[in-house]
Every structure is written in C-alpha cells, then in structure tokens.
Amino acid sequence: YGDEGGAVGYLIGEENQGMRYMFTMMNNARLSVGLEGLALAERAYQDARAYAQERRQGRAIGAPAGESSLIIEHADVRRMLLTMKANIEAMRGLLYLTAEAMDRSAHEPDEAGREASRELADLLIPIAKGWSTDLGVEMTSLAIQVYGGMGYIEETGVAQHFRDARIPPIYEGTNGIQAMDLVGRKLGLDGGEVVREFLAMIASLDPALVKGGDDLVSIRDNLAEALTSLVDTTNWLMHEGHKDVQVALAGATPYLRMFSLVTGGWIMARQAVAAHAALEAGEGDADFLRAKIVTARFFCEQILPQAAGLVGAVQAGPADLYAIAPEYL
C-alpha cells in the first residue's frame, strides 16, 4: 500500500484533465441508464397492449347489446396505449440521436466534426438520461393502469416493471443533477452557441413539414409553438440564471422537461416527414407508415403542448422554495 515507496502512480492523459476524462465514462453510463428507462417502458407497453387485446370488460360504444368488449376498444385504454407508444418512440429516437453523436465524436474524419458531435452529445446526455428514466417510471405506471386491479397481481409482471423503473432516475446522477448539469454547464457550452445551433436545427425542419401538407400541418403548428416557448425560455434562463445561479437551479427540472418535450416533438416530426415521403414514393409498409404519422401527430397535439405550460415553473425563481422554514415543509 505504498510503504517504503512500494506503490507507483501513473498519469493517464494530461494533467488537470481528469474531470473531463471522467465524463467520457459518465456519458456512456448515463446513456445506458436512459436506455434502461426505455427498455422497461417498452416491455411494460408490450405487456399492457397484449393484455388489452384479450381482457373483456364493459361494452364499447357501438358494440352489440349484451356483448362484453375487449378493453382495447375503449377510448381511454386507447389513449393510454397511444401515450405509451408515442413517448417510447420519441425517447428511442432521442437515445439513438445521442448515441450517434457520441459515435461521431470519436470517428468523424475531421477534428471540427468530432468536436461538434462531442458538444451535441454533451448537450443531449442530461436529456437522454433524465427524460428517458422519468418516462420509464411514468410509462410503467401507466401500464399498471391499463391492467386495472390485475396490475397489482404479481403473476402479471407489470408491477415488477414499475419497481424496476424507479431506480434509473437515481442511477448515475439523480435527475435533479441532470437538470442542474443542463442549466449550469450545457447551456453555456461555447458561449451558448451549442444550444442555439441545436434549436436552429429543430427550426430547420419546418420546410419539410410544409411539404407534408394536411397530414403534417398540426405537427408543424404545435412544434413551432413549443419551440418558440423553449427559445424564449432558454434566452430568459441564460440571462437571469447568469445573474443569479439560484434562479437557474430553481427552474432546472421543469426546464429539462420542457427541453425534452420539444426535442421529442422534433424527433417525432422527423419520423413523420420520413414516413410521409415513403408513402408518397410507394415504399415500405403503408400501414406501418400511416401509424407512424398518427403517433407523431398524437405526440405533437396531445403531449408536446405541455412544454408551454412549464414556462411559469421555469421562471418562478427560488423565493417560494426558501420561504417556508424546513420544519414546516
């Protein structure tokens, strides 16, 4: 253990770069934990969908009198399943995008390309880890709701998914830490240029959505509205948070959710553009492609608008957080 000079330490890399090197490992770990959230949500969704296709309860609107309907025919069950499907597809796209950026950061042929990809990966990591693991909890919980009381019966397995999903938001830096990382470190990358370029990339999808015509018009409108809220809130947070770090920290978690929702909406919009183009060209599985557009439209119409509702929470500041004595919290 070092007595009489018996232990030798070797410097790996450059001096004073240890924290930077550590984040190479941490980024991989955080992406993997985000993937765990996705995997649990997907498994719970598949189980819930299968159960909804065999469980009969009540009579759906329009079903023959005296006939018990499959619960998948009920509107609210459809809503829950489509909520799971849309969120899962959005976070899967986010995790692929983040993994691509990490791969490009190592393998782009030119240094400028590697650096741009590294910065994009750094920006996306807290989103990929935080949002995906939060959704893992929310989607596995929703799967139990599809099952109803049977969701609490251990033989169904969905309660176990819910329990398993609760730890990833804590792994590899709690999601509160991810939010603090986003507002404290990532928004300031390259003087804020990295986040500005990313938001501009989201905006650049607009012409392709216009070409999609009526099929994509509501996707375009909702994405544009949500992006405007995010841009305005980002500018506010970068300005006010720079003046008072407590302002940034108080709004960090709702900001991470807002950023995630808009990123997810953009990813779903990209998928809808690709599906629409394939349909126009007569390529691929038409039913699958139409379902992809519907799922993207559902996300942008019914999930993405939550982003604008988070502006107040981001901008509320820390005053009320500290206005109550600890013993009264």
Side-chain angles (χ1 to χ4, degrees), residues 37 79 83 86-87 90-91 94 123-139 141-142 169 173-189 192 194-196 198-203 206 218-269 297-326 328-329:
R79 179 194 60 80
T83 297
N87 277 299
M91 66 171 129
L94 170 62
L123 176 66
L124 292 177
I125 278 293
I127 308 298
K129 192 276 180 182
W131 191 47
S132 298
T133 56
D134 278 345
L135 285 184
V137 176
E138 294 169 25
M139 296 305 105
S141 176
L142 201 53
T174 67
N175 286 352
I177 295 293
Q178 305 305 317
M180 293 166 62
D181 178 47
L182 177 62
V183 302
R185 296 181 63 248
K186 305 306 174 58
L187 291 188
L189 288 173
V194 174
V195 70
R196 283 192 285 268
F198 181 71
L199 296 176
M201 182 165 58
I202 295 177
D206 190 71
S218 72
I219 295 175
R220 180 197 179 210
D221 290 346
N222 281 282
L223 180 59
E225 183 176 347
L227 179 60
T228 298
S229 293
L230 178 60
V231 170
D232 291 345
T233 305
T234 299
N235 290 334
W236 181 91
L237 191 59
M238 291 172 72
H239 182 264
E240 298 299 323
H242 180 73
K243 292 192 298 184
D244 183 354
V245 68
Q246 281 285 54
V247 170
L249 297 179
T253 290
Y255 179 74
L256 185 145
R257 175 57 67 108
M258 175 189 279
F259 200 112
S260 301
L261 285 166
V262 177
T263 303
W266 169 62
I267 287 167
M268 295 301 283
R297 190 161 59 233
F298 179 88
F299 187 98
C300 290
E301 290 180 355
Q302 300 196 37
I303 298 173
L304 181 56
Q306 297 168 16
L310 291 165
V311 174
V314 177
Q315 298 183 355
D320 281 349
L321 302 183
Y322 293 94
I324 300 175
Y328 291 104
L329 278 175

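Residues P254 and L310 share a closest heavy-atom pair of O-CD1, 3.7 Å. Contact between V183 and A248 at its shortest, heavy atoms only, is CG2-O, 3.8 Å. Here the closest heavy-atom approach between residue L223 and residue G265 is recorded as CD1-C, 4.0 Å. Residues P126 and L256 come closest through the heavy atom pair O-CD1, 3.7 Å. Residue P305 comes nearest to N222 through the heavy atom pair CG-OD1, 3.8 Å, listed as atom of the first residue, atom of the second, then distance. Looking at every heavy atom in both residues, P169 comes nearest to V137 through CG-CG2, 3.8 Å.
In this structure D181 satisfies the side chain to side chain donor-acceptor pair (under 3.5 Å) test together with R185, K186, sequence neighbours excluded.
Under a 3.5 Å cut-off, the side chain of S132 and the backbone N or O of K129 do not form any donor-acceptor pair. With hydrogens and angles disregarded, a donor-acceptor distance shorter than 3.5 Å links the side chain of T83 to the backbone of R79. Listed for the Q315 side chain is no donor-acceptor partner under 3.5 Å among the backbone atoms of T233.
Remark: L142 CG to N87 CG distance equals 9.0 Å, nearest 0.5 Å. Between the CD1 atom of I219 and the CD atom of E301 there is a distance of 7.5 Å, given to the nearest 0.5 Å. Annotation: the span from S218 atom OG to Q302 atom CD amounts to 10.0 Å, rounded to 0.5 Å. Expressed to the nearest 0.5 Å, how far CG of L135 lies from OG of S141 amounts to 12.0 Å. Taken to the nearest 0.5 Å, the OG1 atom of T133 stands 9.5 Å off from the CE atom of M91.
Within the 4.5 Å cutoff, the side chain of V231 has no heavy atoms near those of the T234 side chain. Looking at heavy atoms from C-beta onward, N175 lies out of side-chain contact with T253 at the 4.5 angstrom threshold. The shortest distance between side-chain heavy atoms of V195 and L189 does not fall below 4.5 Å. L182 has its side chain within reach of L123: a pair of non-hydrogen atoms, C-beta onward, lies under 4.5 Å apart.
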- Message: Checking M268 against F298 for the side chain to side chain contact (heavy atoms under 4.5 Å, CB included) test, could you report, in this order, the C-alpha distance in whole Å, the side-chain angles of both residues, the deciding distance, and whether it holds?
- Response: CA-CA 10 Å; M268 295 301 283; F298 179 88; over 6 Å; no
- Show your working on side chain to side chain contact (heavy atoms under 4.5 Å, CB included) between L199 and W266 and close with a plain yes or no. CA-CA 10 Å; L199 296 176; W266 169 62; over 6 Å; no
- Kindly determine whether D134 and R257 satisfy side chain to side chain contact (heavy atoms under 4.5 Å, CB included), including the steps that lead there. CA-CA 9 Å; D134 278 345; R257 175 57 67 108; 3.6 Å; yes
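Ring geometry for F198 against F259 counts as parallel: the plane angle stays under 30°, on a 0 to 90° scale with 60° as the upper cut.
Annotation: E225, atom CD; neighbour count of heavy atoms from other residues, nucleotides and ligands within 6.0 Å does not exceed 12.
Outside the 6.0 Å centre-distance limit, the rings of W236 and Y255 are not counted as a close aromatic pair.
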